[in-house]
Amino acid sequence: MHPPSYAEFIEAGARAEVQRRQPLRVLLIFLAVFFSLQYAWEMSRDSWLERLVIDQLTVRPAAWMIDWLWPAFQVHAEGHRLVTAAGRLNILNGCEGMETLFLLVAAFIAYPFAWRTRLLGLGAGTLLVFVLNQARIIVLWHAFLHHRDWFGVLHGTVLPVLLVAGCLIFFLLFLRRTP
């Protein structure tokens, strides 16, 4: 074994510098993507896109699932509301799971996955966020009707944390799966 040449020494130092910068690069890309998506979503308030995501892609499926699980309540969607004879629950901007989806999208874009892995993660992650958010809405609807004293803490703290935790676990499983 011979001592490293000056060129090898410089090359090793450059590789070490790139490795030190990698976490910062991932963090900066993550933040840029997340805040860009969040800003774009905020700019879509009161637009056809917001109505599509909330009314059609969030409230209608939730009403269908609740009505399927508990047909006696006869739940139906009216715009951004879940309506039944027992009450109305508003699903507003912030209740549709987009912020959680943006966190997951930003993570998959920022991390240096192969593009195929990244696209698979984005697709499966979008489906996961949808399913978890629908479950969240069903739990909130149930709490709204039967345990109103639980509604605030479930809505503001417990369920959002569980949604983000579920996505974090999903992302970490993807990290374990890739070399």
Side-chain angles (χ1 to χ4, degrees), residues 26-27 29-47 49-70 73 75 77 79-84 87-111 113 117-178:
V26 169
L27 176 64
I29 292 170
F30 173 85
L31 292 173
V33 170
F34 175 74
F35 286 116
S36 296
L37 291 170
Q38 191 66 30
Y39 179 76
W41 180 242
E42 188 63 32
M43 292 295 100
S44 75
R45 280 199 183 255
D46 299 321
S47 72
L49 181 60
E50 182 187 53
R51 286 186 294 282
L52 173 72
V53 170
I54 294 173
D55 299 356
Q56 303 300 317
L57 301 176
T58 305
V59 176
R60 281 189 184 274
W64 180 86
M65 283 188 262
I66 294 168
D67 197 46
W68 182 74
L69 291 169
W70 298 284
F73 285 102
V75 175
H80 64 273
R81 292 180 189 91
L82 293 171
V83 179
T84 182
R88 296 171 183 242
L89 182 63
N90 292 325
I91 310 296
L92 302 173
N93 191 309
C95 301
E96 75 293 313
M98 293 300 284
E99 290 84 2
T100 306
L101 179 62
F102 296 158
L103 286 170
L104 198 57
V105 167
F108 272 101
I109 290 175
Y111 195 80
F113 287 118
T117 303
R118 184 174 288 153
L119 291 174
L120 177 65
L122 288 170
T126 300
L127 182 61
L128 175 70
V129 170
F130 174 78
V131 169
L132 291 176
N133 196 60
Q134 289 297 308
R136 175 181 162 270
I137 291 170
I138 291 168
V139 169
L140 287 172
W141 176 82
H142 198 275
F144 174 74
L145 290 183
H146 302 291
H147 304 285
R148 291 211 180 182
D149 51 328
W150 295 3
F151 184 85
V153 72
L154 286 172
H155 179 264
T157 306
V158 174
L159 295 175
V161 167
L162 289 177
L163 195 66
V164 171
C167 289
L168 175 61
I169 290 167
F170 173 78
F171 185 77
L172 292 174
L173 289 173
F174 248 80
L175 282 177
R176 280 189 65 182
R177 183 179 170 268
T178 58

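Given the structure is predicted, the values throughout are model-derived calculations rather than measurements. Numbers for residues simply follow the sequence, beginning at 1.
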Item checked: Heavy-atom pair with the smallest gap, counting every atom of Phe30 and Ala110 -> N-CB, 3.4 Å
Checklist line | Tyr111 and Phe113 aromatic ring geometry - parallel, tilted or perpendicular at 30°/60° bounds | finding: tilted
Next item on the list: Determine, stepwise, if the pair His80 / Asn90 fulfils side chain to side chain contact (heavy atoms under 4.5 Å, CB included).
Entry: CA-CA 6 Å; His80 64 273; Asn90 292 325; 3.9 Å; yes
Margin query: What's the separation between atom CG in Leu31 and atom OG in Ser36, rounded to the nearest 0.5 Å?
Written below: 10.0 Å
Next item on the list: May I ask you to establish whether Arg177 and Phe174 are in a cation-pi arrangement, using a distance under 6.0 Å from NZ or CZ to the six-membered ring centre and at most 45° from the ring axis?
Entry: yes
Check: What are the two closest heavy atoms between Val75 and Asp67, and how far apart are they?
Finding: N-OD1, 3.3 Å
Check: Rounded to the nearest 0.5 Å, how far apart are CD of Glu99 and CD of Glu42?
Finding: 8.5 Å
Check: Side chains of Phe130 and Thr58: does their closest heavy-atom pair fall under 4.5 Å?
Finding: no
Margin query: To the nearest 0.5 Å, what is the distance between CD1 on Ile109 and CZ on Arg118?
Written below: 7.0 Å
Next item on the list: Specify the closest pair of heavy atoms between Arg51 and Asp46, including all atoms of both residues, with the distance to one decimal.
Entry: NH1-O, 3.2 Å
Next item on the list: List the atom of Phe108, the atom of Leu122, and the distance in Å for their closest heavy-atom pair.
Entry: CB-CD2, 3.7 Å
Item checked: Least distance between heavy atoms, Leu163 atom then Asn133 atom -> CD1-N, 3.7 Å
Check: Just wondering, more than 12 heavy atoms not from Trp70 lying within 6.0 Å of its CH2?
Finding: yes
Item checked: Close side-chain approach of Val59 to Ile54, heavy-atom, < 4.5 Å -> yes
Check: Rounded to the nearest 0.5 Å, what separation is found between the CZ atom of Phe171 and the CG atom of Leu128?
Finding: 13.5 Å
Check: Are the side chains of Trp141 and Leu145 in touch, meaning some heavy atoms are under 4.5 Å apart?
Finding: yes
Check: From Leu159 CG over to Ile137 CD1, what is the distance, rounded to the nearest 0.5 angstrom?
Finding: 10.5 Å
Check: Just wondering, do Glu96 and Trp41 contact through their side chains at under 4.5 Å, heavy atoms?
Finding: yes
Note to self: Quick one, Leu104 with Thr100, criterion side chain to side chain contact (heavy atoms under 4.5 Å, CB included). Give me CA distance, side-chain angles, the key distance, then yes/no.
What the structure shows: CA-CA 6 Å; Leu104 198 57; Thr100 306; 6.0 Å; no
Check: Side-chain contact, heavy-atom cut-off 4.5 Å: Val105 with Phe34?
Finding: no
Check: Do any N or O atoms from the side chain of Arg136 and from the backbone of Cys95 form a donor-acceptor pair under 3.5 angstrom?
Finding: yes
Item checked: Which atom of Leu49 lies closest to which atom of Ser44, heavy atoms considered -> CD2-CB, 4.1 Å
Check: Roughly how far, to the nearest 0.5 Å, is the CG atom of Leu89 from the CD1 atom of Ile66?
Finding: 7.5 Å
Margin query: With a 6.0 Å cut-off (strictly less than), is the heavy-atom count around CZ of Arg88, excluding the residue itself, greater than 12?
Written below: no
Check: Relative to the ring of His146, is the ring of His142 parallel (under 30°), tilted (30 to 60°) or perpendicular (over 60°)?
Finding: tilted
